[in-house]
Trainee: 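After the structure tokens below, expect a handful of questions from me.
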Amino acid sequence: MRKTYLLFLFTFILFTTCGQGNQRDSANSKNKNEVMNYNTLTPEEERVIIHKGTERPFTGEYVDNKVAGIYYCKRCDAPLYRSEDKFESDCGWPSFDDEIEGAIKRVRDADGRRTEIICNNCGAHLGHVFLGEGFTPKQTRHCVNSISMKFVPTKKEGFTKAYFASGCFWGTEYFFMKAPGVKQTSVGFMGGHVEHPTYEQVCQKNTGHLETTEVVFDPAETSYQEMVKLFFETHDFTQTNGQGPDIGPQYLSCIFYSDPAEKAIAKKYIDILTEKGYRVATMLKPASTFWKAEDYHQQYYEYKGTMPYCHKYTAIF
Ligand SMILES: [Zn+2]
């Protein structure tokens, strides 16, 4: 009982202290019981979240976090940002070009220049928002302190399968099989009208299939977003007649998406590349049956111990 009373007293004092200078925050319009439900903060969390401090750049827990999931308010657990909207800005803090609808409130910073962003539910200080910098097509950068947030990865049963076509599937698979979080890869064919196609049939260029790599990844360790980035960074997505020296319809660049979320992520990266001035030739198509190719095509370069002739890694994002 004594413990409960002390906890109550402590939280009450904390609240009244925090409320000072923030009289118009939505937090203050809430009744005491709701406020009592806020999470207890460490002194460092309090310095940033309550007293509008800033964590040192490149020190936050989520600066380089690329796992799929949701970022919640550290103080009140309200959902704030989605991992799909996170991008690398090299500014030293997690950056997002969009927010979860209604989650963020913008207020004029005390410095009179910047726009501060706070949790719309509890008024916790998150960071600042900057516009028109050209990082992404949305021209918006929410620069957020990691310490103001709590990240929860997307919980998915088992692994996710993704399908990418970027020319000779030996080369496509070579890079995906080495990527962090990827558990398994296979090469085969997708998008055509012939059932159980053989490599020889597809080489006739009239089955409609594209050489495609099936990538099985663990969404707790990586994300579809990372897969899409790797796809674009390992082939020439501006080539319209094939890939490298391999010319023909079976070598075209294509992302086969499995659901609307994957389609939206793929489209987002095509838009980013278009913004950067690339003429993207990559097609977006719904995934259909994946026909696995003959065994001697699987993990080809790993088996041969050689390097791809038509794919190389080039950092873009
Ligand atoms: Zn909050």
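Whatever order the structure lists them in is the order used to number ligands and atoms, beginning at 1. Keep in mind that the numbers below use all heavy atoms, side chains included, and drop hydrogens, waters and symmetry copies.
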Trainee: Drop me the distance from Glu133's CD to Ser89's OG, to the nearest 0.5 angstrom.
Mentor: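 It comes to 8.0 Å.
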Trainee: Can you see whether Thr185 engages Glu173 through a side-chain donor-acceptor pair at a distance of less than 3.5 angstrom?
Mentor: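 On atom types as modelled, these side chains qualify, holding a pair under 3.5 Å.
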Trainee: Listing request: all salt bridge (charged side-chain N to carboxylate O under 4.0 Å, His left out) pairs with a residue in residues 180-191, at least two apart in sequence or in separate chains.
Mentor: Lys183-Glu221
Trainee: Assess the side chains of Trp170 and His297: does a donor N or O sit below 3.5 Å from an acceptor N or O?
Mentor: yes
Trainee: Would you kindly say whether His235 and Ser253 are connected by a side-chain donor-acceptor distance under 3.5 Å?
Mentor: yes
Trainee: How about the Zn ion (ligand 1), which protein N, O or S atoms come within less than 2.8 Å?
Mentor: Cys73 SG, Cys76 SG, Cys119 SG, Cys122 SG
Trainee: Please determine, by modelled atom types, if Asp246 and Tyr309 share a side-chain donor-acceptor pair under 3.5 angstrom.
Mentor: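 Yes, a side-chain donor-acceptor pair sits under 3.5 Å.
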